[in-house]
Trainee: 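Can you read through this structure? Questions will come right after.
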2 protein chains.
Amino acid sequence: MAWFTFAAMESFPAPLAELQPGWVWLAGAGPGDPGLLTVQAWHALGQADVVVYDALVGDGILALAPAGCILESAGKRGGKPSPKQADISLRLIQLAQEGKRVLRLKGGDPFVFGRGGEEALALVRAGVPFRIVPGVSSGIGGLAYAGIPVTHREINSAVTFITGHDMTGDVPGGLDWAALARGAPVIVIYMALAHLRQIAELLLSHGRAPGEPVAIVCRASLPEQKVIESTLAACADDAVTQAVEPPCLVVVGEVVRLRAGLDWLGALAGRVLEPDPLGGRQGREVG
Amino acid sequence: MAWFTFAAMESFPAPLAELQPGWVWLAGAGPGDPGLLTVQAWHALGQADVVVYDALVGDGILALAPAGCILESAGKRGGKPSPKQADISLRLIQLAQEGKRVLRLKGGDPFVFGRGGEEALALVRAGVPFRIVPGVSSGIGGLAYAGIPVTHREINSAVTFITGHDMTGDVPGGLDWAALARGAPVIVIYMALAHLRQIAELLLSHGRAPGEPVAIVCRASLPEQKVIESTLAACADDAVTQAVEPPCLVVVGEVVRLRAGLDWLGALAGRVLEPDPLGGRQGREVG
C-alpha cells in the first residue's frame with residue numbers, strides 16, 4: 001500500500017533517557033499500531049535485555065525488539081492461568097536484581113487500568129529503581145482510529161473512563177452508577193465485553209437514553225479493527241449477534257455520531273465522509 | 001547527565017504512514033517531553049512542509065522539525081489575540097489546497113479537549129483528506145511525570161477528565177457537578193487554573209471532602225515541571241501563594257497520595273520514595 005513505508009529515520013535530535021542495568025521501566029505500548037509507540041518506549045525496546053509484556057501487547061510491537069532481547073509473557077502461558085500480580089512483580093524484581101535492563105511493556109498506558117502503580121510500588125519495596133514511560137491510552141487513541149473523539153466542544157466538557165471489571169472480576173461495585181450516568185456525557189469503558197449487558201442496564205436504569213449511541217471497537221488501531229455502531233439498549237445483543245471478541249472498547253455518548261464524519265481510516269478505504277454528522281448543530285463559532 | 005543521550009536510532013522496523021502533499025494530519029505532541037512523541041508523529045514532523053502548532057507545543061518539540069519546514073503558530077502571535085477557530089481551520093485548508101504537507105500539531109492528544117474533531121470536520125467540508133495521529137494525553141502522561149497514576153486498583157475503577165472552561169471561557173455550565181462529584185473518585189481537570197477556586201467550591205459543595213488530596217502539576221513532563229500538593233479546600237489559595245502559572249493540570253483524589261511512593265522523577269534527583277504511601281492498605285493480592 002503506497003501510504004505506508006518502512007521509514008529510514010534519522011537520529012532523534014533530543015535527549016532520551018537510557019535504560020540502565022538493574023532498572024525496570026514500566027512503559028505503555030499504546031493501543032496496538034506500532035507507530036503509536038512513543039519514541040522513548042521504542043528506544044527502550046532497543047536497549048532492553050528482557051521485555052516482560054502483557055497479553056494486550058501485540059506481535060507487531062514485539063517484532064520491533066532486536067535480536068537477543070528476551071521476550072517474556074506476563075499473560076497466559078500455554079493454557080496455564082494468568083500469573084498472579086505478585087508473581088509478575090517478583091519476576092520484575094528478580095530480573096532487575098540479576099542486573100538486567102528490564103522493560104515492562106503494557107498495552108495502552110501503564111497508569112490507566114494498567115496496574116502500573118502496583119508494580120512500581122513493589123519495585124520501591126525491593127529497592128529496584130524504575131521509570132514510567134507513558135503511552136497512548138487505548139480508550140483515547142484506539143477510539144481515534146474509529147473516528148470517534150472522546151471530547152467535542154459542542155457535546156461534552158467531561159469524559160469518564162471506567163474499567164469493565166474490578167479486582168474481583170465483577171462489574172466495579174464501589175461505584176455510584178447513578179452519579180456516573182448523570183455525570184459525564186461521554187463514558188468510555190475498558191475491558192467492557194464481559195459485563196456489557198450489566199453495565200448498559202446500569203446506565204439505562206439510571207437515566208441514560210436507550211437510543212443513545214454506542215460504539216464497540218475491537219482490536220482498535222490494528223489492521224483487523226472492527227467497529228460496531230449500536231445503541232445503549234441494543235449493544236449487548238449486538239455484541240452477541242456480531243460475535244464480538246475481546247479486547248474491546250465501548251464508548252457511550254453523542255460523540256459516536258461524529259464517526260460518520262471523522263472515520264479517516266474508513267475514508268482511506270473509500271468511505272465518503274459526512275460533512276455534517278451532527279445534523280446542523282455543527283459549525284458554531286465561539287472563539 | 002549520564003542518564004540521557006542523543007540516541008542514534010535505527011530505522012523503525014514497521015510500516016509507518018506517509019504524509020502526502022495536500023493532506024492535513026492532526027497530531028498530538030504529548031505533554032511536552034519530546035521523548036513522548038509517537039514514532040508516527042515524529043515521522044510526520046520529518047515530512048511536513050508546514051507545521052501549524054498550538055501554544056501548548058513546546059520549543060523542545062518544534063526544534064525537532066528539520067531545516068526547511070515552516071513553523072506556523074496557531075496560538076497568540078506577538079501580543080495579538082488568539083486567532084478564531086474558524087481562521088485556523090481556513091488556514092489548514094488553504095495550505096492543503098496549495099499542495100503542502102500539513103502537520104497540525106497540538107499539545108497532548110487532538111481528541112482530548114483539543115478541538116481536533118472540529119478542525120477535521122472543517123477539512124471534510126472542504127474536501128481535504130486528513131489523518132488523526134493520537135498522542136499521549138497530558139492528563140495521563142503529564143501526571144505520570146509527577147508520580148501520580150490516574151487509576152489505582154485499590155482506589156478507583158473510574159476517572160473523569162474535565163476541562164476547566166467551556167466554549168464561553170467559563171466553568172463548564174452544562175455539567176451536573178453534583179453527579180461529577182459523586183461519580184469518579186479521581187477527577188483530572190485540564191486548563192484548571194483560571195477557575196480553580198470555583199471548581200473546588202463546586203466539588204466541595206457537592207460533598208467532596210475538604211481534606212481530599214489535590215495536586216497541581218505545571219508544565220508537566222518538562223524540565224521546569226512544578227508540582228504542588230494540596231487539598232481541595234486549600235488548593236485555590238495555594239495556587240495563588242505559590243504563584244502558579246498555566247499550563248497546569250489539577251488532579252483530585254486519593255491517587256495523589258501515591259506520589260510519595262511513585263515520584264520516579266524526584267527519585268532520580270535523590271528523593272527517597274515511601275514503600276507504603278497508602279499506609280498499610282497497599283499490598284492486597286487479588287489475582
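None of these values were measured; they are calculated from a predicted model. Sequence lines set the chain letters: A, B, ... in the order given, protein chains first and strands last, and positions in each chain run from 1.
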Trainee: A:Y145 versus chain B, heavy atoms under 4.5 Å apart: side chain, backbone, both or neither?
Mentor: side chain
Trainee: So, for B:P13 and A:L64, which heavy atoms are closest and what is the spacing to 0.1 Å?
Mentor: CG-CD2, 3.4 Å
Trainee: Please determine, among A:P31, A:A179, A:G135, A:S89, the option with the most heavy-atom pairs under 4.5 Å with chain B.
Mentor: A:A179
Trainee: Could you tell me how the ring of B:W42 sits relative to the ring of A:W42: parallel (under 30°), tilted (30 to 60°) or perpendicular (over 60°)?
Mentor: tilted
Trainee: Counting heavy-atom pairs under 4.5 Å with chain A, which one of B:F130, B:F111, B:F113 comes out on top?
Mentor: B:F111
Trainee: Give me the atom names and distance for the closest heavy-atom approach of A:R131 to B:L268.
Mentor: NH1-CD1, 3.9 Å
Trainee: B:D109, B:V188, B:I189, B:L37: which one forms the most heavy-atom pairs within less than 4.5 Å of chain A?
Mentor: B:L37
Trainee: I need the residue from B:L262, B:D176, B:I162, B:L180 with the largest number of non-hydrogen atom pairs under 4.5 Å to chain A.
Mentor: B:L262
Trainee: Check each atom of B:L123 against the heavy atoms of chain A and say whether the ones under 4.5 Å are side chain, backbone, both or neither.
Mentor: neither
Trainee: Are the side chains of A:V39 and B:P34 in contact, using a 4.5 Å heavy-atom criterion?
Mentor: no
Trainee: Check whether A:L143 gets within reach of chain B through its side chain, its backbone, both or neither, counting any heavy atom under 4.5 Å.
Mentor: neither
Trainee: Between B:L175 and chain A, with a heavy-atom cut-off of 4.5 Å, which part of the residue counts as in contact: side chain, backbone, both or neither?
Mentor: side chain
Trainee: Side chain, backbone, both or neither: which part of A:I140 has a heavy atom under 4.5 Å from chain B?
Mentor: side chain
Trainee: With a 4.5 angstrom heavy-atom cut-off, could you sort out which part of B:P110 is near chain A: side chain, backbone, both or neither?
Mentor: neither
Trainee: Evaluate the side-chain hydrogen bond (donor to acceptor under 3.5 Å, both in side chains) criterion for residues B:T160 and A:T160: first the C-alpha distance (whole Å), next the side-chain angles of each, then the deciding distance (0.1 Å), finally the verdict.
Mentor: CA-CA 4 Å; B:T160 295; A:T160 295; 2.6 Å; yes
Trainee: With respect to chain A, which residue among B:G60, B:P134, B:A144 yields the maximal number of heavy-atom pairs within a distance under 4.5 Å?
Mentor: B:P134
Trainee: Would you say that B:L121 contacts A:H152 through its side chain, given a criterion of any heavy-atom pair below 4.5 Å between the two side chains?
Mentor: yes
Trainee: Given heavy-atom pairs under 4.5 angstrom as the criterion, report whether the side chain, backbone, both or neither of B:S137 touches chain A.
Mentor: side chain
Trainee: Heavy-atom distance under 4.5 Å between the side chains of A:T163 and B:T151, does that happen here?
Mentor: no
Trainee: Select, from B:S157, B:A158, B:G169, B:G261, the one with the greatest count of heavy-atom pairs under 4.5 Å involving chain A.
Mentor: B:S157
Trainee: Tell me which of these, A:L36, A:I132, A:L265, has more heavy-atom pairs under 4.5 Å with chain B than the rest.
Mentor: A:I132
Trainee: Would you say that A:D33 contacts B:T38 through its side chain, given a criterion of any heavy-atom pair below 4.5 Å between the two side chains?
Mentor: no
Trainee: Could you tell me whether a side-chain N or O of B:R125 sits under 3.5 Å from a main-chain N or O of A:P275, the two making a donor and an acceptor?
Mentor: yes
Trainee: Give, as side chain, backbone, both or neither, the part of A:A267 having an atom under 4.5 angstrom from any heavy atom of chain B.
Mentor: neither
